[in-house]
**Student:** 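Sharing a structure here in structure tokens format.
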Number of protein chains: 2
Amino acid sequence: MRQRSPASADLDDVDLKILQQIEDDFDVSLETVADQLGLSKSAVHYRITNLKENGIIEGVTADIDPFALGLEMVSITDVSVTHREGYSENIGERIMAIDGIEQVYYTMGDVDFVAVSRVQTRDQLNDLIEEIVAIDGVDETSSKFVLEEFHDARNVTANLTQSGRDAILDP
Amino acid sequence: MRQRSPASADLDDVDLKILQQIEDDFDVSLETVADQLGLSKSAVHYRITNLKENGIIEGVTADIDPFALGLEMVSITDVSVTHREGYSENIGERIMAIDGIEQVYYTMGDVDFVAVSRVQTRDQLNDLIEEIVAIDGVDETSSKFVLEEFHDARNVTANLTQSGRDAILDP
DNA sequence: AATGAAATCGACCAGCA
DNA sequence: TGCTGGTCGATTTCATT
């Protein structure tokens, strides 16, 4: 698995406000953010640089509308595997590597993996599921079609509860 | 549901290459992208501006490591609802509005909604599930705990098959 | 749709609390 | 370490093709 920053990254109130702003929209000028916080542009820039270096900001990316690329079919596929030593991580990565697979979760319970996929056509969906089944160790799959999605991008700061916010601020 | 750009957005090869680059990393200089494509910096900027105006680029955002905020617990919750007129869309939005909910899918099949949540503590997870159950029209829920995730951010261009790429380029 | 020049904004640095 | 103000380089904008 990928390296992650420690759970107890010491962020203060100002960091959190900056993160909230730029996680929603990085296309704001430094000056706007600085004015809102009563800081100079340099100070905001300094903090953003640190947040990047500490891995708290993993990167800055453009969010693309999948529909613009004709990616209109979303499915959720439950995957069961035969349990062998160390296979699970490998299988997760192999599912993830298939074109059209967007997210893979390895879960506790009778279903082992849950995969979210996004494709243009039924043929692509068929191919994708066949590729999952072809992976060594995969037992059976069960897919459901998604009719509608609800989410405002990936928004970790927006989804914090108040107690969660407090937990970050005073360790 | 939110307005989306048409499936047949007329993109050319150059647009697709720009999207691929900036979806992965917007922190590249215009000059780098321009050089790779044999264009001027202004031309690349002109295209990016258009892609934003046409809604193909939905926005530019910072990706934050959830672990840095202590968000270490991920769950997938299946939600069944009693079927009444027009309730489904409303319920989806109400689930989505709960703190800690990251994504909600409305699906065909016996399970109606699939919700992905990310919280810091078991208490927060408990609260979250209670809030789902409290929604009018929700019948029953079933949750599984996620042990590991596989995904490289949201990467719609990277997940295109070759035939998918071709389908976009020649309509 | 793409270009080059001009205005604006972000990145970096030295210095300071 | 966190911040300021200034400088330089990059990006954005605009007139022009």
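This one's a predicted model, so the numbers in the text were calculated from it and none came from an experiment. Letters A, B, ... mirror the listed sequences (proteins, then strands); counts begin at 1.
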**Student:** If you measure only the distance, is there a donor-acceptor pair under 3.5 Å linking the side chains of B:Asp63 and A:Thr61?
**Tutor:** yes
**Student:** Identify, residue by residue, the members of residues 38-45 of chain B with a heavy atom below 4.0 Å from DNA chain D, and return them in order of residue number, or none.
**Tutor:**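 The stretch gives B:Lys41, B:Ser42, B:His45 as the residues lying under 4.0 Å from the strand, ordered by number.
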**Student:** Quick one: B:Asp27 CG to D:dA10 P, roughly how many Å, whole number?
**Tutor:**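 Value for this atom pair: 14 Å.
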**Student:** I'd like the 5' and 3' limits of the part of DNA chain C contacted by chain B, with heavy-atom contacts below 4.0 Å.
**Tutor:**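 With heavy atoms of chain B under 4.0 Å away, the range is C:dA1 to C:dA5.
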**Student:** In degrees, rounded to 10°, what is the bend between the two ends of the helix from C:dA1-D:dT17 to C:dA17-D:dT1, using five pairs at each?
**Tutor:**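 The end-segment axes of the helix from C:dA1-D:dT17 to C:dA17-D:dT1 are tilted 30° relative to each other.
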**Student:** Under 3.5 Å, is there a donor-acceptor pair between the side chain of A:Glu149 and the main chain of B:Gln103?
**Tutor:** no
**Student:** Between A:Asp13 (CG) and D:dG2 (P), how many Å, whole number?
**Tutor:**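 Result: 15 Å.
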**Student:** Is the distance from OP1 or OP2 of D:dT1 to the nearest side-chain N or O of A:Arg47 less than 4.0 Å?
**Tutor:** no
**Student:** Measure the distance from CG on B:Asp35 to P on D:dA10 and round it to the nearest whole Å.
**Tutor:** 12 Å
**Student:** Do you know which two heavy atoms are closest between B:Phe145 and B:Ser75, and how far apart they sit?
**Tutor:**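 That would be CD1-OG, 4.1 Å.
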**Student:** Round to a whole Å and report the spacing from CD of B:Glu31 to P of D:dT12.
**Tutor:** 14 Å
**Student:** Do NZ/NE/NH1/NH2 and the carboxylate oxygens of A:Asp12 and A:Arg47 come within less than 4.0 Å?
**Tutor:** yes
**Student:** Hey, is the side chain of A:Tyr46 poking within less than 4.0 Å of OP1 or OP2 on D:dC3, counting only N and O atoms?
**Tutor:**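 No.
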**Student:** Apply side chain to side chain donor-acceptor pair (under 3.5 Å) to the pair B:Ser80 and B:Glu140, showing each step before the final yes or no.
**Tutor:** CA-CA 5 Å; B:Ser80 303; B:Glu140 58 175 335; 4.8 Å; no
**Student:** Under 4.0 Å between a Lys/Arg side-chain N and an Asp/Glu carboxylate O for B:Arg94 and B:Asp136?
**Tutor:**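 Salt bridge flag = no for B:Asp136 with B:Arg94.
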**Student:** Considering all heavy atoms of both residues, which atom of A:Phe67 and which atom of A:Glu72 are nearest to each other, and what is their separation?
**Tutor:** CE2-OE1, 4.0 Å
**Student:** Can you check whether B:Leu69 reaches A:Leu11 side chain to side chain, under 4.5 Å on heavy atoms?
**Tutor:**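 Yes, side chains in contact.
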**Student:** Under 4.5 Å between side-chain heavy atoms, hopping through other hydrophobics if needed: is there a path connecting B:Leu147 to B:Val119?
**Tutor:**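 Both belong to a single hydrophobic cluster.
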**Student:** Can you check the A:Ile48 CD1 to D:dC3 C1' distance for me, whole Å?
**Tutor:** 15 Å
**Student:** Salt-bridge test for A:Lys41 and A:Asp35: reply yes if a basic N is under 4.0 Å from a carboxylate O, no otherwise.
**Tutor:** no
**Student:** So, B:Asp166 and B:Gln162: side-chain donor and acceptor under 3.5 Å apart, yes or no?
**Tutor:** yes
